[in-house]
2 protein chains.
Amino acid sequence: MSREQAIAKLIPVFRKYGYEGTTLSLLSKASGLGKASLYHHFPGGKEEIAAAVFEYVGIWFNKTVLNSLQSEQKPELKIQAMCKNLQEFYGNGKESCFSAIMSFGEANNLFHDRVKHRIQVLIDTLAQVLIEGGIEPELAKVRSQDAMIEIQGALILVRIIDDTEPFERAIENLPRKLLN
Amino acid sequence: MSREQAIAKLIPVFRKYGYEGTTLSLLSKASGLGKASLYHHFPGGKEEIAAAVFEYVGIWFNKTVLNSLQSEQKPELKIQAMCKNLQEFYGNGKESCFSAIMSFGEANNLFHDRVKHRIQVLIDTLAQVLIEGGIEPELAKVRSQDAMIEIQGALILVRIIDDTEPFERAIENLPRKLLN
DNA sequence: GTCTATATAGGGATAGAC
DNA sequence: GTCTATCCCTATATAGAC
């Protein structure tokens with residue numbers, strides 16, 4: 001099995017159990033590899049596995065969500081595309097945000113800088129699109145942050161109340177809130 | 001040491017390490033009690049401790065935040081009071097939300113129903129105040145949900161980017177967003 | 001009510017055969 | 001590259017003295 005194939009199978013484990021709750025036994029079961037085989041692919045153990053998953057999810061996120069903000073289309077269309085991809089990326093609200101998961105507990109110590117950087121790139125990229133759309137830079141930054149807040153908060157609320165409606169609504173209203 | 005005193009000392013442990021990341025050793029150190037003493041107070045072990053902390057934090061939250069919505073004042077003033085208490089309760093954005101923490105991983109299995117109920121009570125109570133303030137019931141519910149989203153999302157963003165500004169801004173704008 | 005000591009299980013991690 | 005077997009450590013939990 002390739003490293004990439006293994007990583008793909010390991011994503012749901014971290015998403016469901018968090019960093020601390022994820023054990024090598026769970027990872028072993030999910031991947032179909034023995035613990036020793038996991039250490040063959042990831043000599044650094046659990047931490048390296050989490051880092052690999054973090055990178056993998058980041059590439060996936062960039063290919064879909066971030067990429068939709070870097071096309072040659074009009075700002076309105078870029079943001080609409082982003083929203084559509086966000087909805088898909090988060091399984092209509094059912095899937096947790098990997099960055100948010102990695103911002104709790106021990107994982108926060110290990111991955112804080114990487115998570116922070118990833119979120120800030122996203123905020124900055126979105127802000128650029130808003131500026132391109134005629135929003136003042138200061139306001140653009142605030143609105144981009146607000147978009148992050150909406151997404152993260154909606155994902156939490158959805159998980160708590162077992163209802164994806166708030167997430168769908170948040171995504172639906174995002175273009176209007178961002179561009180007036 | 002009384003049960004209550006012990007619980008108060010244990011809150012920060014769960015807030016910092018999450019449910020999975022919290023160990024009896026950490027709880028022992030934080031409380032100054034030996035592990036066996038913890039089992040004397042909480043025969044159910046870690047799960048019972050978490051449940052006790054959950055209840056304790058809930059009572060604290062009700063006394064401050066929820067209570068401010070149940071005064072005899074005008075809706076505007078109730079909401080302003082709530083916002084002030086929210087800011088205090090979450091340490092200006094530096095403190096995590098206990099309910100959100102308990103919505104991840106194994107804790108989500110154990111406490112899902114209790115967390116859901118607590119959040120729904122809060123949403124319903126806030127919605128009632130909005131209705132009292134002249135908002136249509138359907139819209140009131142949506143806006144109350146949006147308030148939860150803002151708070152939860154802001155707490156996450158704050159932790160990720162090490163900057164409490166988004167939380168302060170969210171709280172500041174909350175009364176206007178809720179009541180138009 | 002608190003302690004020391006200990007039981008039992010599972011976690012992360014490694015050695016070495018194949 | 002994958003496995004079985006094993007090591008060490010820490011986790012939860014309990015027994016029993018004080």
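As the structure is a computational prediction, the values presented were derived from the model and not from experiment. Reminder, nothing fancy here: chain letters follow the sequence lines and each chain counts from 1.
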Counting only heavy atoms from other residues, nucleotides and ligands, does the tally under 6.0 Å from NZ of B:K16 exceed 12?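 Open: at most 12 neighbouring heavy atoms sit under 6.0 Å from NZ of B:K16.
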B:E48, CD atom: more than 12 neighbouring heavy atoms under 6.0 Å: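 Above 12, so yes.
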Among residues 101-109 of chain B, which contact DNA chain D at a heavy-atom distance under 4.0 Å?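 Heavy-atom cutoff 4.0 Å gives no residues at all.
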Would A:K84 pass as a cation-pi partner of A:F89, given that its NZ or CZ must be under 6.0 Å from the six-membered ring centre and within 45 degrees of the axis?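 No - A:K84 does not lie over the ring of A:F89 by the 6.0 Å and 45° rule.
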Using the ring of B:F54 (Phe, Tyr or Trp, six-membered ring only), decide whether B:R118 places NZ or CZ under 6.0 Å from its centre and within 45 degrees of its axis.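 Judged by the rule (NZ or CZ under 6.0 Å from the ring centre, within 45° of its axis), B:R118 counts as positioned above B:F54.
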Within the structure provided, determine whether B:E20 and A:Y17 are in side-chain contact (heavy-atom separation under 4.5 Å).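 When only atoms from C-beta onward are counted, A:Y17 and B:E20 do not touch, as no gap falls below 4.5 Å.
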Within the 3.5 Å criterion, strictly below it, is a donor on B:S103 or A:R159 matched to an acceptor on the partner's side chain?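 B:S103 vs A:R159: donor-acceptor pair found between side chains.
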Rounded off to whole Å, could you give me the [atom1]-to-[atom2] distance for the [X] and [N] pair?
X: A:I49; N: C:dG11; atom1: CD1; atom2: C1'; answer: 13 Å
X: B:L38; N: C:dG1; atom1: CG; atom2: C1'; answer: 12 Å
X: B:K29; N: C:dT2; atom1: NZ; atom2: P; answer: 19 Å
X: A:E48; N: C:dG12; atom1: CD; atom2: P; answer: 15 Å

Would you say B:I151 and A:V142 are hydrophobically clustered, going by side-chain heavy atoms of ILVMFWY under 4.5 Å?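 The answer is no; the residues belong to distinct hydrophobic clusters.
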Following the transitive rule for hydrophobic clusters with a side-chain heavy-atom cut-off under 4.5 Å over Ile, Leu, Val, Met, Phe, Trp and Tyr, establish whether B:I119 and B:V121 coincide in one cluster.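 Yes, because B:I119 and B:V121 connect within a single hydrophobic cluster, where side-chain heavy atoms sit under 4.5 Å apart.
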Considering just the side-chain nitrogens and oxygens of B:S37, establish if one lies under 4.0 Å of OP1 or OP2 belonging to C:dC3.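 Checking B:S37 against C:dC3: at least one side-chain N or O falls below 4.0 Å of OP1 or OP2.
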Counting just side-chain N and O atoms, does B:H40 come under 4.0 Å of either OP1 or OP2 of C:dG1?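 Yes.
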Where protein sits on nucleotides 7-18 of chain D, one letter per nucleotide: B base, S sugar-phosphate only, - none, heavy atoms under 4.0 Å: ----SBBBB---
